[in-house]
S.K.: 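Please find one structure pasted underneath; my questions will follow.
For the numbers below, each heavy atom of this structure counts, side chains included, while hydrogens, waters and symmetry mates do not. Position 1 is the first residue of the sequence, and the numbers go up from there.
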Amino acid sequence: MHMSVKEARRTLKRAYGDFQIHLDENEISRKELADVIGTSEQYVSRLLNGREDSKSAKEKLRTLFQYTGYHGDNWLA
């Protein structure tokens, strides 16, 4: 089954949103996440909004998922 572009965007937005809710519920700040992966808060924002997609970004996102105990969809997988 192929997704339309609109459906794909909706799926990605849901994945970003689910992780953001997880962060909010667990009171995890972007500063804390930046410290965990050794980057700036601005980079974390880009990563969490899907604007980073390098191999390094995939590893960093995986690290954040592990650190925060998140088990949802990885939009960079």
S.K.: Nearest 0.5 angstrom please: Gln66 CD to His71 NE2, how far?
M.R.: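 Atom-to-atom, Gln66:CD and His71:NE2 are 9.5 Å apart.
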S.K.: Do Tyr16 and Ile28 share a hydrophobic cluster, counting only Ile, Leu, Val, Met, Phe, Trp and Tyr and linking them when any side-chain heavy atoms are less than 4.5 Å apart?
M.R.: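 Yes, Tyr16 and Ile28 fall within the same hydrophobic cluster.
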S.K.: Considering residues at least two apart in sequence or located in another chain, which fulfil the side-chain hydrogen bond (donor to acceptor under 3.5 Å, both in side chains) criterion with Ser54?
M.R.: none
S.K.: Kindly compute the distance separating CG (Asn49) from CG (Leu12), expressed to the nearest 0.5 Å.
M.R.: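 Reported to 0.5 Å precision, the distance equals 11.5 Å.
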S.K.: State which residues pass salt bridge (Lys or Arg N to Asp or Glu O under 4.0 Å) with Arg46; sequence neighbours excluded, sorted by chain then number.
M.R.: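 Here the qualifying residues are Glu52.
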S.K.: Answer whether the closest heavy-atom distance between the side chains of Leu47 and Leu64 falls below 4.5 Å.
M.R.: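 Yes, at least one pair of side-chain atoms sits under 4.5 Å.
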S.K.: So, using salt bridge (Lys or Arg N to Asp or Glu O under 4.0 Å) as the criterion, who are the partners of Glu59 when residues are at least two apart?
M.R.: Arg62
S.K.: Checking Lys6 now: which residues fulfil side chain to side chain contact (heavy atoms under 4.5 Å, CB included) with it, not counting sequence neighbours?
M.R.: Ser4, Arg10
S.K.: For residues 11-40, which residue pairs pass the salt bridge (charged side-chain N to carboxylate O under 4.0 Å, His left out) check, not counting sequence neighbours?
M.R.: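 Of all non-adjacent pairs touching residues 11-40, those that pass salt bridge (charged side-chain N to carboxylate O under 4.0 Å, His left out) are Lys31-Asp35.
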S.K.: Give every residue pair that meets the ring pair (Phe, Tyr, Trp, His ring centres under 6.0 Å) criterion with at least one member in residues 21-58, sequence neighbours excluded.
M.R.: His22-Tyr70
S.K.: With a 4.5 Å cut-off on side-chain heavy atoms, are Phe19 and Thr68 touching?
M.R.: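 Yes, close enough: below the 4.5 Å cut-off.
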S.K.: So do the side chains of Leu33 and Leu23 get within less than 4.5 Å of each other, counting heavy atoms only?
M.R.: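 Leu33 vs Leu23: side chains touch.
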S.K.: Treating Ile, Leu, Val, Met, Phe, Trp and Tyr as nodes and any side-chain heavy-atom pair under 4.5 angstrom as an edge, say whether Tyr67 and Val44 lie in one connected cluster.
M.R.: yes
S.K.: Take Trp75 and Leu61 through the test side-chain contact (heavy atoms from CB on, under 4.5 Å) and record every step on the way to the result.
M.R.: CA-CA 9 Å; Trp75 51 91; Leu61 189 59; 3.7 Å; yes
